[in-house]
Amino acid sequence: MSSVKICPEWPQVNKSEYKGVWVYVEHRNGVIKDGSLQLIGKARELASKINVDVSAIMIGHNLGDLVKEPIYYGADRVIYIDDEALSVYIPHIYASAIVNLVNKYKPEVVLFAATKRGRELAPYVANTLRAGITADCTDLDIDVKTRDLDQVRPTYGGNILAHIRTPNRRPQLASVRPNVFPTPPRDTSRKGEIIKESLNNLPKPNGVLLGVKSVTRGDSDLPPVEKADLVVTAGRGVSGPEGVKLLIELAKALGGTIGGTKKVTDAGWLPTDRQIGQTGKTIRPTVYIGVGVSGAIQHIFGIKESKIIVAINSDPNAPIFEYADYGIISDYRQAVQALLEVLRSMRKPS
Amino acid sequence: MGATVISSANAGSNMGKELTIIVPVKAAVPNITAVRLDPVTHNLVREGVPLMLNPYDRNALEFALRLKDKYGGRVITLSMAPPSGKDFLESTIGMGADEAYLITDRVFAGADTLATSYTVAMTIKKLFPGFNLVVMGEETTDSTTAHMPAQVASWLSLPYLYYVVDGEVNMEKGTIKLTRYLEDEGVYEEFEYNMPVIVSVYKDSNPPRDISLNRKIQAKLSGLVKSVTNNELKLDPLCVGLRGSPTIVAKIEDAKPIPRKKQIFKGDPREAAKWLIENLIKEGVIKP
Ligand SMILES: Cc1cc2nc3c(=O)[nH]c(=O)nc-3n(C[C@H](O)[C@H](O)[C@H](O)COP(=O)(O)OP(=O)(O)OC[C@H]3O[C@@H](n4cnc5c(N)ncnc54)[C@H](O)[C@@H]3O)c2cc1C
Ligand SMILES: Nc1ncnc2c1ncn2[C@@H]1O[C@H](COP(=O)(O)O)[C@@H](O)[C@H]1O
């Protein structure tokens with residue numbers, strides 16, 4: 001091993017010194033991100049294959065009881081830093097704090113949820129450690145012999161899955177798309193170790209947060225399409241803003257959100273940030289319901305990873321039925337009205 | 001390691017001078033589904049493939065040009081790409097960049113994001129030590145990693161911020177106010193940073209201006225795109241290209257389409273609605 005010449009910028013690593021699977025646990029306003037909880041579940045699975053522990057890393061200020069949560073979801077240990085200097089999230093400061101913990105404890109795997117902040121943080125951590133990293137994985141496995149992390153990500157337009165490995169460096173880092181793994185059950189009887197670490201050796205912040213502003217979205221009070229578990233999608237077949245309104249009602253009754261095909265957003269019936277497909281957003285909700293959507297390949301590209309696909313279309317030959325788990329051949333108005341009625345009668349307090 | 005780090009004591013060393021903005025851009029492969037993969041490295045074969053400017057890098061360049069329009073200074077694009085990359089760099093000049101640099105050498109081939117970011121960061125450090133800003137795209141459409149901006153920041157030991165939509169420079173103080181949009185949280189955050197700082201631009205912001213064909217042709221005729229090889233950069237071959245890349249693509253496979261049930265209901269809409277809801281409850285995806 002040591003005879004292999006490596007870049008002098010890289011530290012030599014002794015792979016056997018690195019042990020354990022880490023999850024960086026992201027939180028905001030006292031709530032842990034689902035993507036992080038899901039990763040704790042996956043980390044458990046990987047760790048038990050190679051007989052090591054799962055540690056959750058938390059960073060921030062006034063964390064309080066939040067540091068216990070990762071234990072309830074399956075972590076063996078929480079390592080946290082609670083410091084006023086971390087009350088504001090500055091990417092290179094948070095990243096440097098994580099780097100310091102990695103250098104001290106030497107885990108073999110470090111996982112991040114690929115949220116917007118997670119995607120910002122992870123590559124700086126990896127690069128500063130001169131380690132490899134894979135972005136936006138949709139699956140992970142571990143080779144029990146080599147202990148190499150098998151990092152699976154869709155690539156080149158989504159038609160190919162690449163398996164990426166980092167055979168000679170440690171730790172192995174990856175960011176993982178939220179919602180590809182289930183959230184483990186919360187079990188408050190679980191026990192674990194909680195370690196408080198202190199902050200040191202940080203670079204100068206060189207930046208301050210001046211303010212935060214939440215956006216009130218003009219179109220509706222519904223979440224963006226990439227965030228929802230259930231997405232009702234309007235196609236040209238709903239023939240106008242009135243039809244879209246009916247679908248918004250359905251989306252609300254099902255606790256989901258509304259999206260549209262390109263034809264619908266081009267027509268201005270919904271804002272462009274709700275367009276789903278190749279030139280819009282890619283979504284992978286638990287349930288996709290396409291209403292008056294023909295199923296053009298550019299649209300299907302954005303929905304094909306959905307867990308369950310439902311189609312409502314009056315044309316029995318509409319291509320979307322080829323991609324659907326459940327299809328209803330019907331005029332959309334009648335079908336959607338009937339769905340709303342069934343849902344209403346189901347939820348009426350009896 | 002010390003040799004490669006710009007100490008933060010250098011921060012603001014360019015104060016009072018003209019604003020210098022570096023925009024690293026990438027050649028993206030236009031039709032990503034119709035390309036060839038190298039059978040050994042599983043990397044994309046870029047040789048002989050027509051290249052275009054990564055679409056989101058045009059938004060990044062637009063952000064940089066807007067700052068230049070407001071505060072003066074110069075905008076320099078650079079790209080690590082095969083020799084055919086000259087053409088898309090001419091497009092960046094067509095859009096309004098002052099100069100462009102093509103970083104090209106066989107020894108840089110096969111790089112992952114660590115080795116690419118090293119090459120790009122060291123080029124910036126060597127050619128433009130007094131820069132104020134590095135502006136990059138949110139991600140590339142053919143590799144979609146969004147790694148590069150943070151990695152370049154890490155090599156240069158500088159602060160960085162992703163998803164930026166707006167900036168306001170104060171040359172006297174050597175600072176920049178940055179507004180960024182976190183799509184998944186639906187919030188705007190406003191920061192103030194000392195320059196130099198590295199940013200990436202939110203892909204749905206700063207809609208790019210047109211490429212002037214005249215300027216593009218001018219760029220070609222006057223040779224405004226310069227090539228840089230490792231003869232000038234003198235980077236250790238162990239740190240670049242395939243050898244400088246810790247990750248390997250171990251295997252590729254076709255993404256299997258998820259098999260679908262294809263159960264179709266035709267008949268009374270009320271029955272159809274009941275049938276669907278019952279099935280969704282059975283699947284455990286909606287609550288009874
Ligand atoms: C380069 C490129 C990129 C593209 N990117 C995207 C993209 O990102 N996203 C996208 O969506 N499209 C995209 N498109 C467009 C795409 O090719 C299709 O044109 C579009 O998806 C069709 O939208 P639609 O299904 O709403 O409309 P249509 O194809 O017009 O389908 C309407 C459907 O509604 C049904 N219908 C009609 N009346 C009723 C009724 N009363 N009840 C029930 N059903 C009814 C019809 O049977 C039909 O199947 C792109 C195209 C190109 C060339
Ligand atoms: N080869 C390259 N040369 C110069 N800049 C690049 C290169 N690759 C990526 N970038 C920059 O890094 C950004 C993010 O790319 P990526 O990390 O590949 O998703 C791009 O939008 C470009 O601004």
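Order of the sequence lines sets the chain letters (A, B, ...), proteins ahead of strands, with each chain counted from 1. Predicted model only: the values in this text are computed from it and were never measured.
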Quick one: what part of B:Asp112 sits under 4.5 Å from any heavy atom of chain A, side chain, backbone, both or neither?
-> neither
Do B:Leu161 and A:Glu120 have side-chain heavy atoms sitting under 4.5 Å apart?
-> yes
Side chain from CB out, backbone as N, CA, C, O: work out which of these in B:Leu178 comes under 4.5 Å of a heavy atom of chain A, or both, or neither.
-> neither
With chain B, which of A:Ser96, A:Ser306, A:Ala335 has the greatest number of heavy-atom pairs at distances under 4.5 Å?
-> A:Ser306
By a 4.5 Å heavy-atom criterion (distance strictly below it), what part of A:Arg165 contacts chain B: side chain, backbone, both, or neither?
-> both
Could you check A:Ile308 against B:Glu283 for side chain to side chain contact (heavy atoms under 4.5 Å, CB included), going step by step and ending with a plain yes or no?
-> CA-CA 9 Å; A:Ile308 295 170; B:Glu283 298 261 13; 3.5 Å; yes
Side chain to side chain, A:Arg28 and B:Val187, heavy atoms closer than 4.5 Å | yes
Heavy-atom check, side chain of A:Asp136 versus side chain of B:Thr145, under 4.5 Å = no
Residue pair A:Ile133 / B:His147: nearest heavy atoms and the distance that separates them = O-CE1, 3.4 Å
Part of A:Val152 within contact of chain B (heavy atom distance under 4.5 Å) | neither
When rounded to the nearest 0.5 Å, the distance separating NZ of B:Lys266 from CD1 of A:Ile329 is 5.5 Å
Compare all side-chain heavy atoms of A:Lys213 with those of B:Glu190 and state whether any distance is below 4.5 angstrom.
-> no
Exercise: identify the closest heavy-atom pair between B:Tyr162 and A:Pro123 | OH-CG, 3.9 Å
Part of A:Tyr323 lying under 4.5 Å from any heavy atom of chain B = backbone
Tell me, side chain or backbone of A:Val212 under 4.5 Å from chain B's heavy atoms, or both, or neither?
-> both
So which part of A:Ala162 gets closer than 4.5 Å to some heavy atom of chain B, the side chain, the backbone, both or neither?
-> both
What distance do B:Ser157 atom OG and A:Lys204 atom NZ have between them, rounded to the nearest 0.5 Å?
-> 12.5 Å
For the residue pair A:Ala131 and B:Leu114, what are the closest heavy atoms and their distance?
-> O-CD1, 3.9 Å
Rounded to the nearest 0.5 Å, the CG atom of A:Asn127 sits from the OG1 atom of B:Thr113 at a distance of 7.5 Å
B:Arg243 and A:Lys5, any side-chain heavy atoms less than 4.5 Å apart = no
Which portion of A:Pro205 sits near chain B, non-hydrogen atoms under 4.5 angstrom = backbone
Taking all non-hydrogen atoms of both residues, which atom of A:Trp10 and which atom of B:Gly244 are closest, and how far apart?
-> CZ2-O, 3.0 Å
Would you say A:Ile90 and B:Pro159 make side-chain contact, with heavy atoms under 4.5 Å?
-> no
Using non-hydrogen atoms only, which part of A:Gln172 is less than 4.5 Å away from chain B: side chain, backbone, both, or neither?
-> neither
Residue pair A:Tyr326 / B:Arg260, side-chain heavy-atom distance below 4.5 Å | no
Check whether B:Lys177 gets within reach of chain A through its side chain, its backbone, both or neither, counting any heavy atom under 4.5 Å.
-> side chain
So what's closer than 4.5 Å to chain B heavy atoms on A:Leu254: side chain, backbone, both or neither?
-> side chain
Any side-chain heavy atom of B:Thr144 sitting closer than 4.5 Å to one from A:Arg153?
-> yes
Engaged part of A:Pro91 at the chain B interface, taking heavy atoms whose separation is under 4.5 Å | both
Heavy-atom proximity to chain B below 4.5 Å, by part of A:Leu230 | side chain
Given a strict heavy-atom distance threshold of 4.5 Å, which part of A:Tyr332 is in contact with chain B: side chain, backbone, both, or neither?
-> neither
Against chain A, label B:Ile281 side chain, backbone, both or neither, depending on which of its atoms sit under 4.5 Å from a heavy atom there.
-> side chain
Name the region of A:Ile328, side chain, backbone, both or neither, that has any atom closer than 4.5 Å to a heavy atom of chain B.
-> both
Proximal component of B:Tyr160, with respect to chain A [non-hydrogen, under 4.5 Å] | both
Between A:Gly132 and B:Thr247, which heavy-atom pair has the shortest distance, and what is it?
-> CA-CG2, 3.7 Å
Got a salt bridge between B:Glu189 and A:Arg117, using NZ or NE/NH1/NH2 to carboxylate O under 4.0 Å?
-> yes
Work out which heavy atom in A:Tyr124 is nearest to a heavy atom in B:Ala150; give both atom names and the distance.
-> CD1-O, 3.3 Å
